[in-house]
Amino acid sequence: MKRDIHIIATLFSSSAQLQKKRAFLTIASIAWGTVAILLLLAFGEGLKRQLDKNRRAMGENISVLWPGETTKAWKGLPPGRPVRPRIDDIEYVRTRMPELKSVIGEVVSWRTALAYGRKTINGRVNGVNWEYGEARKHYPVAGGRWLTPEDDLQRRRVAFLGDEIAKDLFGDVDPVGKTILINNAPYVVIGVMQHKTQMGAYQGPDAQHACIPMSTARAQFGRDRLNNMLIETHRAEEMEAALEKFNSIMGPKLGYDPTDDRAFGTWNTVKSSKVTSMISGGIQMFLGIVGALTLLIGGVGVANIMFAVIKERTREIGVKMALGAKTSWIIWPFVLEALVYTFLGGALGIIIATLLIAASTWLPVESNRVMAFLGRPTLSPMIGIATSAILGMIGLLAGYFPARRAARIDPAATLRYE
Amino acid sequence: MNQNGTIIRMSGIRKVYDTGKVKVEALKGIDLDVHAGEFVAIVGPSGSGKSTLMNLVGCLDTPTDGEYQIGGDNVAGVTRDQLAEIRNRRVGFVFQNFNLLPHITAQENVELPMLFGGISPKERRERAKELLTRVGLGDRLDHKPTELSGGQMQRVAIARALAMNPDILLADEPTGNLDTSSGTDIMSIFNELWKSGRTLVIITHDPALARRASRIVEIRDGVITRDHRNEEAA
């Protein structure tokens, strides 16, 4: 074995040099394929991460429940009755489901007049519990704050503005500390939401609403019906059971069959994020296959060159065989040669692709609407491993099959007179 | 080598080339023994089967039928790799067209069979140098074949053929591509080798070269027609 390696290494290092033009073209084709696969995979990875980030912008491990109509008869009551959760039901669920991270209600007032100075706009105002901020990722821009439990207890007239509604109302003025009028009642702006690219939304994007404390909303709008309830679990896998338990608690309370899972419309983000990751996984696989095919064409180029080289060196191979070279000593130097071209091309491709991807940082991801969804091309260790593995495979195959032809050469035929 | 000094023992050798439609019987039953120290010239017109015989003697090919032993190794039923090993140890080839590897030096060409034979790098280098010096090319070690004349290339080929100290030296029209004076040089090298005790088998249709052999085997249409001692040989 050691002797075999010595012989193969010696033969490989003393083998003829490829013509410059040929070597260049071969290496370039592999480099091109490598660049293609890396860019496509990096694009896919960027897309996946951006989708993930955008999906998480609405919140993780939460389910949104909006009251609908019962679809099953229950205790002598017919189906088709509306379900009406109230503000007190938040506490009702909270005490019965202590395992939840949070239970939140929303009282929504659409097309509400918001005024600052002379400017009045119609916007959406949400009365929410203070836990809403963390669960729904309403992070304040520096200088502002989110709602606190005290705001709710003391029924303060404070408002947290979505970044778009703040822009509409204030333009370039810093809204924090300013007083606005909501339905002619004065509110102090305590914070503005940090911009986020949000993929999922209900009732409209978070950037376009203002949030006020639940108790204040109850007084302001004079109603205690909830437009939505949110439950948040600590871990994703708890969500399915939590939803079942929610219905088993709320069913008897509000008068619907606990197995009637359509009394509340449900948006389970745990479930939908699984779908999202399957889609992005599918996209990545597709991009990977396209890239691998491009690289394969480069591999065919290498194999082609190796076939040509072996044809040219037929006599040389015959001589080596006549002098006592074994089959594997003929095959492996060729495989190594193909691997070297593949390796050089791959290394070149990796360098080019890395530079291109590094250069893509000037792409305006946050401010451009399309890029905000596509994301920035990103390389990951997995991409490196996958690409190297494909390169290695291609090099081996592109060397092995031509080399096998070399090993089948009949020395007697190549050494004849002509 | 056997006790009685027989290096090549062929009996009832047949070789049939099957080209699919036609079967060509190139050798129709050859019996040939070559003893240690003999200088055998195999002569015959083209198409007589002497190339086929040379391929079989050199273990480049295996017979369709018959027994062949070289230096005690039986050639029947061996694998390709085993055959390669037999060639490496038993046979030194000298070809009409030299068949040196063009991109490596004379010395590296001579080292090649020793590389296959598992001889250490140091020993390879020394022995290659020694052999090339013996054929008069001690000052051409680092020349590539393209920088050498035909006669010099053939001398490199002879040095290479001797590298593994083989049982026989097998030459196929060794002077066929050379001018008269280089050819004469090569012939005298063969003569010297024979006198120093080597066994030589030369395939040729050059009467001048054949005359130098101690034994002349004539072949025609795949059979040996004449096998006689050559008293002229000195």
Side-chain angles (χ1 to χ4, degrees), chain A residues 1-20 22-23 305-306 308-334 336-337 340 403-418, chain B residues 15 17 46 51-52 54-62 79-105 108-121 124 144-145 157 160-161 163-164 166 170 172-173 176-177 203:
Chain A
M1 191 62 205
K2 203 177 144 199
R3 187 178 144 218
D4 285 332
I5 290 169
H6 169 70
I7 289 171
I8 289 163
T10 310
L11 287 177
F12 171 66
S13 61
S14 70
S15 78
Q17 299 287 309
L18 208 58
Q19 297 161 22
K20 279 210 176 67
R22 244 187 207 176
I305 290 294
M306 293 316 293
V309 163
I310 282 161
K311 201 166 163 58
E312 277 168 20
R313 297 188 201 158
T314 300
R315 176 177 290 255
E316 208 179 305
I317 294 162
V319 172
K320 284 178 185 168
M321 284 176 164
L323 298 180
K326 291 184 179 170
T327 309
S328 61
W329 303 344
I330 298 292
I331 289 183
W332 281 99
F334 284 114
L336 278 180
E337 201 174 330
V340 164
R404 237 182 30 169
R405 177 177 285 187
R408 278 201 293 262
I409 285 172
D410 173 16
T414 62
L415 300 170
R416 280 199 189 121
Y417 301 85
E418 267 71 47
Chain B
K15 181 69 188 180
Y17 289 110
S46 59
S51 296
T52 308
M54 132 118 196
N55 287 341
L56 291 180
V57 169
C59 300
L60 290 167
D61 210 344
T62 49
T79 65
R80 262 179 92 101
D81 280 357
Q82 285 166 334
L83 203 61
E85 207 181 319
I86 293 172
R87 280 198 295 273
N88 181 255
R89 281 189 293 113
R90 305 283 183 202
V91 188
F93 289 97
V94 177
F95 301 97
Q96 179 177 5
N97 50 15
F98 325 128
N99 277 328
L100 299 176
L101 300 197
H103 56 272
I104 57 176
T105 63
E108 285 168 328
N109 264 289
V110 178
E111 282 186 31
L112 206 56
M114 294 188 270
L115 172 71
F116 298 142
I119 289 167
S120 75
R124 287 208 296 266
K144 291 195 174 166
R160 183 177 67 181
M164 283 301 287
L170 184 59
D172 182 14
E173 298 284 5
N177 276 11
I203 289 161

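Every chain is numbered from 1, with letters handed out A, B, ... down the list of sequences.
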Rounded at 0.5 Å granularity, tell me how far [atom1] in [X] sits from [atom2] in [Y].
X         : Y         : atom1 : atom2 : result
Leu11(A)  : Leu115(B) : CG    : CG    : 5.5 Å
Leu83(B)  : Met321(A) : CG    : CE    : 11.0 Å
Lys326(A) : Asn88(B)  : NZ    : CG    : 9.0 Å
Thr10(A)  : Arg124(B) : OG1   : CZ    : 5.5 Å

Check [X] against [Y] and note the closest heavy-atom contact, atom names and distance.
X         : Y         : answer
Leu60(B)  : Asp410(A) : O-OD1, 4.3 Å
Ala325(A) : Ala84(B)  : O-CB, 3.6 Å
Arg3(A)   : Gly117(B) : NH2-C, 3.8 Å
Ala322(A) : Phe93(B)  : O-CE1, 3.3 Å
Gly324(A) : Phe116(B) : O-CB, 3.8 Å

Residue selection (most heavy-atom pairs with chain A, distance under 4.5 Å) from Ala161(B), Ala163(B), Gly118(B), Pro121(B):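 The option with the most such pairs is Gly118(B).
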Would you mind checking which part of [X] comes under 4.5 Å of any heavy atom in chain A, side chain (CB onward), backbone (N, CA, C, O), both or neither?
X         : value
Arg89(B)  : neither
Pro166(B) : neither
Leu112(B) : side chain

[X] side chain to [Y] main-chain N or O, any donor-acceptor pair under 3.5 Å?
X         : Y         : value
Asp81(B)  : Thr327(A) : yes
Arg315(A) : Leu101(B) : no
Arg160(B) : Leu323(A) : no

Should we say atom CZ of Arg405(A) is surrounded by more than 12 heavy atoms from elsewhere, each under 6.0 Å from it?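 Counting neighbours around CZ of Arg405(A), 12 or fewer heavy atoms of other residues, nucleotides or ligands fall under 6.0 Å, so no.
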